[in-house]
Amino acid sequence: MEDLSCNVADVALVLEGGGMRAAHTAGIVAALIEHEVWFPYACGVSAGSSNAVNYLSRDPLRTRRSFVEIAGDQRFGGIGSLARHNGFFNADFLYERAIQDGTLPFDWETFCANPAGLRIQAFERDTGRTVIWTKTDMTTPLEMVSHVRAGSTMPFIMKPIEIGGQVMLDGGLGEGAGIPLHLAEHDGYQRFFCIATRPAGYRKKPMGRGQRGLMQRVCAGQPKVFEALATRAERYNAALDHLDELERAGRALVVRPEQMPIHNTETNVARLAQVFEMGHALAEREMDRWLDWLRG
């Protein structure tokens, strides 16, 4: 096997969630792999966790397929899938089955041998607890992808699964509200290369009264989920403010899309390919500047 040692010192790779908006992140991650930029640590939440494990497997083709070509498969999802109770995104197919049937093969050997640390997280539906997982929690490819799935399960539009006897939902409901910077900070990192899925200046709007009432009805019997959704804008914006502080202090380099023309539920392959290429082109233009920053 090739040398898998890391060549970036003491900088954490931080990957924001955002559903299919993470196609832009995938373009950047693919470019990092192609340029052999190897961080010692990667953390991701929701769709960012898919990009994190793909990065650790050092597979740029899977990185693209996971957010572009996969949407062209009739099993991917959509309104029909939702009507068949498979979820708007068909998680059974997208995660476990896509590895089993070879749609999205995963380089397990490289993933395991890669010395880089990994952190992803999920939200326990009934307790409201944020759960953090590492590579030691993933002893097989299916166990790995089940953890990624569990922490990427958008509430109400994807079918959840249980891990450890708890129903798991999208990690973006938990600590950090979708920005996993806290994972790297808790592990002692002081410098951060953060890939965002929203343009500069973006802030979430709090729920209005009508939206709040509707969400209370949708979340009936799931008070922890409602609480997480009701407070998410405030928590997300606070995480962005903290990230801005680190950026001003020179401790974070934040890569943001120049524009984001798709939503988190995008299913059109051509639009996803466009967003992937936007991210990849941005990385190619900025790679020298990024490398200068990473080298301190």
Side-chain angles (χ1 to χ4, degrees), residues 6-19 21-32 35 37-49 51-52 55 116-121 130 132 171-206 228 231-261 264 275 278-296:
C6 300
N7 54 22
V8 174
D10 301 324
V11 180
L13 176 62
V14 179
L15 303 167
E16 184 182 4
R21 287 192 299 269
H24 189 275
T25 303
I28 297 170
V29 169
L32 291 172
H35 284 267
V37 181
W38 308 133
F39 290 85
Y41 178 101
C43 59
V45 66
S46 191
S49 60
N51 275 316
Y55 173 75
L118 172 71
R119 298 288 187 275
I120 65 174
Q121 75 177 41
T130 296
I132 299 170
L173 296 176
E175 187 175 355
I179 299 174
L181 177 66
H182 61 283
L183 296 173
E185 289 184 311
H186 290 170
D187 283 332
Y189 279 86
Q190 298 293 316
R191 299 181 73 220
F192 314 93
F193 187 89
C194 305
I195 306 179
T197 55
R198 294 287 197 176
Y202 173 82
R203 291 296 186 273
K204 283 190 182 298
K205 295 180 180 179
T231 62
R232 186 164 182 240
E234 180 182 5
R235 295 183 296 115
Y236 179 85
N237 293 341
L240 284 180
D241 291 342
H242 177 50
L243 187 57
D244 287 347
E245 292 173 1
L246 293 173
E247 190 174 21
R248 287 192 295 270
R251 290 177 50 202
L253 192 158
V254 186
V255 181
R256 302 176 178 90
E258 295 166 328
Q259 56 179 312
M260 181 48 66
N264 61 347
V275 170
M278 287 167 54
H280 195 273
L282 173 63
E284 291 295 337
R285 290 196 307 272
E286 296 292 321
M287 187 64 67
D288 287 343
R289 182 177 70 87
W290 296 350
L291 291 174
D292 285 344
W293 187 88
L294 289 172
R295 291 165 182 150

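Everything numeric in this text was worked out from a predicted model, so none of it was measured.
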Below 3.5 Å, can you tabulate the donor-acceptor pairs from side chains in residues 289-296 to any protein atom, sequence neighbours excluded?
unit_1, atom_1, unit_2, atom_2, d
Arg289, NE, Glu286, OE1, 2.6
Arg289, NH2, Glu286, OE1, 3.0

Nearest 0.5 Å, what's the CG-NE2 distance between Leu32 and His280? 9.5 Å
Partner residues of Phe39 under the ring pair (Phe, Tyr, Trp, His ring centres under 6.0 Å) criterion, sequence neighbours left out: Phe193
Identify every side-chain donor-acceptor pair in residues 42-49 under 3.5 Å, counting partners at least two apart or on other chains, and give the distances.
unit_1, atom_1, unit_2, atom_2, d
Ser46, OG, Asp170, OD1, 3.3
Ser46, OG, Asp170, OD2, 2.7
Ser49, OG, Ser46, O, 2.5
Ser49, OG, Ser152, OG, 3.4

If you take all heavy atoms of Gly279 and Ile28, which pair is closest and at what distance? O-CG1, 3.3 Å
All side-chain hydrogen bond (donor to acceptor under 3.5 Å, both in side chains) counterparts of Arg203, not counting sequence neighbours: Asp241, Asp244
Does any N or O in the side chain of Thr197 come within less than 3.5 Å of the main-chain N or O of Arg21, such that one atom is a donor and the other an acceptor? no
With a 4.5 Å limit on heavy-atom distance, are the side chains of Val255 and Thr25 in contact? no
With sequence neighbours left out, what residues match Arg285 under salt bridge (Lys or Arg N to Asp or Glu O under 4.0 Å)? Glu258
Got a sec, which residues hit side chain to side chain contact (heavy atoms under 4.5 Å, CB included) with Asn7, two or more places apart in sequence or on another chain? Trp38
Under 3.5 Å: donor-acceptor pair, side chain of Arg191, backbone of Leu253: no
Partners passing side chain to side chain contact (heavy atoms under 4.5 Å, CB included) against Pro199 (at least two apart in sequence or in another chain): Pro257, Met260
If I take atom NE2 from residue His24 and atom CG from residue Asn51, how far apart are they, to the nearest 0.5 angstrom? 11.5 Å
The side-chain hydrogen bond (donor to acceptor under 3.5 Å, both in side chains) partners of Tyr236 (sequence neighbours excluded) come to Glu16
Calculate, to the nearest 0.5 Å, the distance between atoms CG and OH belonging to Leu118 and Tyr55 respectively. 12.0 Å
With Glu247, which residues qualify under salt bridge (Lys or Arg N to Asp or Glu O under 4.0 Å), at least two apart? Arg256
Determine the minimum heavy-atom distance between Val14 and Ala184, stating which atoms define it. CG2-CB, 4.4 Å
Nearest 0.5 Å, please: how far is CG in Asn237 from NZ in Lys205? 11.5 Å
Residues passing the side-chain hydrogen bond (donor to acceptor under 3.5 Å, both in side chains) test with Arg198, sequence neighbours excluded, are Tyr202
Answer yes or no: does atom CD of Glu284 have more than 12 heavy-atom neighbours from other residues, nucleotides or ligands under 6.0 Å? yes
How close do Cys194 and Leu243 get, counting heavy atoms only, and between which atoms? SG-CD1, 3.6 Å
Which residues pass the ring pair (Phe, Tyr, Trp, His ring centres under 6.0 Å) test with His186, not counting sequence neighbours? His182
For Arg119, all residues meeting side-chain hydrogen bond (donor to acceptor under 3.5 Å, both in side chains), sequence neighbours excluded: Asp187
